[in-house]
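Data block below; observations after.
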Amino acid sequence: MAETSLPTAPRARVRRLNLRLWLPLSWIGTLVVVALAAPWVAPHDPLAQDLFFERLPPFFLAGTEPGFWLGTDSLGRDVLSRMIHGARIALLVSVSAALITCIFGSALGLLAGYYGGWWDRVISRLVDIWMAFPPVLFAVLLVAVMGTGLTSVIAAIALIDWTRFARVIRAETMVQARMDYVDSARIGGARRLATLVGEILPNVLPSIIALLMLEMGIAVIVEAILSFVNLSISSDDPTWGSMIAEGRNAIHFAWWVLLFPLIALFLTVLSFSQLGEGLKQRFDPVLQ
Amino acid sequence: MLLRSILARLLTTAVTLFGVAVVVFTLIRVAPGNPIAMMLPPGASEEDIAQLTALYGFDKSLPHQFVIWLGGVLQGDFGTSITLRQPVDQLVLSRLPATLELSVMALLIALALGGGAAVLGARFRGSPTETGLDLASGAVLSVPDFLWGLLFVLCFGVLWPVLSISGRIDPGLEFDFTTRFYVIEGLMRGRLDVVASTLSHMLMPAMSLALPLAAMVAQLLKQNLKEVLVQDYTTLSRVHGFSETAVILRDALRNAALPTLTLVGVQFTFLIGGTVIVERLFAYEGLGNMAIDAVINRDLPLIQGIVLLFAALFIVINLLVDLSYTLLNPRLRHG
């Protein structure tokens, strides 16, 4: 299909797309590097409390203490160090939860969209049932049932958000399944499953990748929400969500404890969604 | 044909409701902790435990338990809250108005903001204004309600403290509510101070919920407006001397609105789902806030009641959207 597009695609468009890819990529790249090197990059121990240094403001305000660039929280823990260590958990949850959700949901979407019949009926009904639950409440409930901890958080995200993949991929698969190339593959003697994996999957892959990126951003938020209601990993461990919960409680005394992790979440979510859109346009055979 | 598709839709709705009941029952039964032990005060005798176990049917097989449970739910028996010691249906109904008022306010804000941005973008199509609005709505869309809420708390609650960041109404206000619809009752009884206080408490949580939907409305409606604005009848209006803005508001909007209305119908349930965490964030006394308390306190009957109510609400809204779409769309109506 790529051959059908004109070779004189406007250059300006390609340039803009690149910027759209590189800005988010550089933020996420920074996060990955910082997360991997956290013990060496963080200026302080993220768990070390120091009651002499509680609620120190960040560097641009009066009354700050050198070495505590982004200030300290109510227990005197360094905000910057906690954010750096929090990036580890954020990335770990976002990558693993999004991958599991993506594989599970896309597989169901492909099956429902291509085989139709009972596959479609059962999967679509399951999607309907799942969509009848408020996602945040569902997540909180699942974690309460499974017990708190990182695995529960990841499992809860996968158990809730597979519907997003299943719905979109099912619809796209149905469109692809009606195309001539599918028929010709079948006439050429390909089995159904081989056609699904070899012919249809590559054509819905751009959508899967875009959704995967979106899901990584969503997973970071869900982890933050669960930490916020104290249901993620233990509340001592530095996560952006638990910092936000602390910041919300101490908002009238130390608002910076909320501000910095909030900025990190904003940038991360925006980056993942822009990356998803950018990659989708970059790899979409029709748009190319 | 129409009747048949409506009947089929009702049937799938019934299946979905049943599925929801199965999922809720399973989750509640899998949850750790003996529900009987939680219902009794400490130091209850073996006899009491055996009696309650028999009463709730916990000594029967799981499918049998499900039938007993479903029978109770269908008769409106949702049990008694373990922590609050009140019937679950009363508790849930006392909080529902707060959540409904918040959701509807958010929906209105989303329509106003999104519609305004769409009209503006269509009016100045091809100009930097449109590009700017597109960029803004793209960014707004990808940030979820939770983050907007936090940002508002920080900006308008602390750094520039103009709004209250917790509660539903100024606690100092003296007013005897007969219903829990503070805004509606305040309006009907002419107490504008009550209305103003409630609305100012609702503004930030409602904005947080509204922004992502507003961005969606802005994008879709603008797209549809632009498609309509190249059609002959809008050209005719221009020839008749109507200004571009008048053409958009008079002719285009009505014909471009249907896809947006469908989108809003579907997205409204997502918006209501968002109230759970946003209410928590703003300590707003609605259903969602109560639900999170219930989960933290392992108050299983209360959790179950709230989840079922949300699910029923979502299913009914989706059904209404589908039916109204069938009725509004001429192609389906005469199909």
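Only this structure's heavy atoms are used, side chains among them; waters, hydrogens and symmetry mates stay out. Each chain gets a letter, A, B and so on, in the order the sequences are listed, and its residues count up from 1.
Looking only at side-chain heavy atoms (C-beta outward), Ser124(A) and Arg170(A) come within less than 4.5 Å of each other. Taking the side chain as every heavy atom from C-beta outward, Leu7(B) and Leu11(B) never approach each other to under 4.5 Å. The shortest distance between side-chain heavy atoms of Leu137(A) and Phe133(A) does not fall below 4.5 Å.
In this structure, chain A has a heavy atom under 4.5 Å from the side chain of Phe146(B), while its backbone stays farther away. When heavy atoms are compared at a cutoff of 4.5 Å, Thr16(B) approaches chain A by way of both its backbone and its side chain. Proximity to chain A is limited to the side chain of Ile296(B), based on heavy atoms less than 4.5 angstrom apart. For chain A, the nearby part of Ile303(B) is the side chain; its heavy atoms alone come within less than 4.5 Å. Proximity to chain B (any heavy atom under 4.5 Å) is shown, for Leu126(A), by neither the backbone nor the side chain. Interface residue Val158(B): only side-chain heavy atoms are found under 4.5 Å from chain A. If you measure heavy-atom distances from Phe18(B) to chain A, you find no contacts under 4.5 Å at all. Residue contact with chain B, scored on non-hydrogen atoms closer than 4.5 Å, is absent for Ile218(A). Of the atoms belonging to Ile315(B), it is side-chain heavy atoms, and not backbone ones, that fall under 4.5 Å from chain A.
Trp27(A) CH2: more than 12 foreign heavy atoms inside a 6.0 Å radius.
Chain B forms more heavy-atom pairs under 4.5 Å with one residue of Trp255(A), Phe272(A), Phe266(A) than with any other, namely Phe266(A). Between chain A and the options Leu313(B), Leu141(B), Ile165(B), Leu308(B), heavy-atom pairs under 4.5 Å are most frequent for Ile165(B). Of all the listed residues (Leu142(A), Asp128(A), Leu262(A)), the one sharing the greatest number of non-hydrogen pairs under 4.5 Å with chain B is Leu262(A). Here Gly19(B) is the residue among Gly274(B), Gly288(B), Gly19(B) with the most heavy-atom pairs under 4.5 Å with chain A. Each of Leu258(A), Val136(A), Ile225(A) has some count of heavy-atom pairs under 4.5 Å with chain B, and the biggest count is that of Ile225(A). Between chain B and the residues Val269(A), Ile251(A), Val140(A), the most heavy-atom pairs under 4.5 angstrom are made by Ile251(A). Contact count versus chain A (heavy atoms, under 4.5 Å) is highest, among Val276(B), Leu147(B), Val295(B), for Leu147(B). Of the residues considered (Ile263(A), Val229(A), Leu214(A), Val143(A)), Val229(A) shows the highest number of contacts with chain B, using heavy-atom pairs under 4.5 Å.
In the model, Thr99(B) has no side-chain atom that pairs as donor or acceptor with a side-chain atom of Thr275(B) under 3.5 Å. In this structure, a donor-acceptor pair under 3.5 Å is present between the side chains of Glu223(A) and Ser227(A).
Under the side-chain hydrogen bond (donor to acceptor under 3.5 Å, both in side chains) test applied with Asn289(B), the options Arg168(B), Arg95(B), Arg280(B) reduce to a single match, Arg280(B). The only member of Val264(B), Val104(B), Val278(B), Leu213(B) that meets side-chain contact (heavy atoms from CB on, under 4.5 Å) when paired with Leu271(B) is Leu213(B).
Although no hydrogens or angles enter the test, the distance criterion places a donor-acceptor pair under 3.5 Å between the side chain of Asn297(B) and the main chain of Asp293(B). Looking at Thr148(A), its side chain never comes within 3.5 Å of a backbone N or O of Ala144(A) through a donor-acceptor pair.
Below 30°, between 30° and 60°, or above 60°: for Trp69(B) and Phe25(B) the angle between ring planes is between 30° and 60°, a tilted geometry.
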